[in-house]
> 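Mind having a look at this structure? Questions to follow.
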Amino acid sequence: MSPFLFSADLAVTDLGRRFRSTITVGDAIDGTIAALFSEYATALRTGRAEVVGLIRDHAAAIDPGLLAELDGFDYPAAA
């Protein structure tokens, strides 16, 4: 779940106010990119090529460098 949606839903509670006051822009961006990689891995694993394409389009809009990271994401590690 997006941290922004979480904090918006709970903005009137102490938990929501505390969350919004402590998260940084960098943390939010890192969370978004981590979620993007998680969704990408799931789409690859389940063979959903259309979702993979959408995620790649979204990554290119965020930061074109992410495409190179996604390209290398599923390669086996070198010994």
Side-chain angles (χ1 to χ4, degrees):
M1 173 186 282
S2 164
F4 300 111
L5 291 176
F6 175 75
S7 64
D9 288 344
L10 299 175
V12 296
T13 67
D14 289 335
L15 178 62
R17 281 190 291 276
R18 189 169 59 237
F19 180 79
R20 287 194 119 167
S21 68
T22 59
I23 193 166
T24 66
V25 172
D27 290 340
I29 291 171
D30 289 346
T32 300
I33 292 172
L36 183 96
F37 273 85
S38 176
E39 292 170 9
Y40 186 75
T42 300
L44 284 174
R45 187 175 57 249
T46 58
R48 299 185 65 199
E50 71 283 354
V51 175
V52 169
L54 290 172
I55 291 170
R56 291 180 61 78
D57 290 345
H58 183 67
I62 294 172
D63 178 359
L66 283 176
L67 288 178
E69 293 183 38
L70 288 174
D71 288 341
F73 175 72
D74 203 25
Y75 286 110

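The residues of the chain are indexed from 1 along the displayed sequence. We use all heavy atoms of the structure for the numbers below, so side chains are in, but hydrogens, waters and symmetry mates are not.
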> Would you find a donor on one side and an acceptor on the other, under 3.5 Å apart, between the side chain of T42 and the backbone of S38?
yes

> Decide whether Y40 and L54 are clustered together by the hydrophobic rule: side chain heavy atoms of Ile, Leu, Val, Met, Phe, Trp, Tyr closer than 4.5 Å, transitively.
no

> Rounded to the nearest 0.5 Å, what separation is found between the CG atom of L67 and the NE2 atom of H58?
11.5 Å

> Between V51 and E39, is there a side-chain heavy-atom distance shorter than 4.5 Å?
no

> Measure the CG-CG distance between L66 and L36 for me, rounded to the nearest 0.5 Å.
6.5 Å

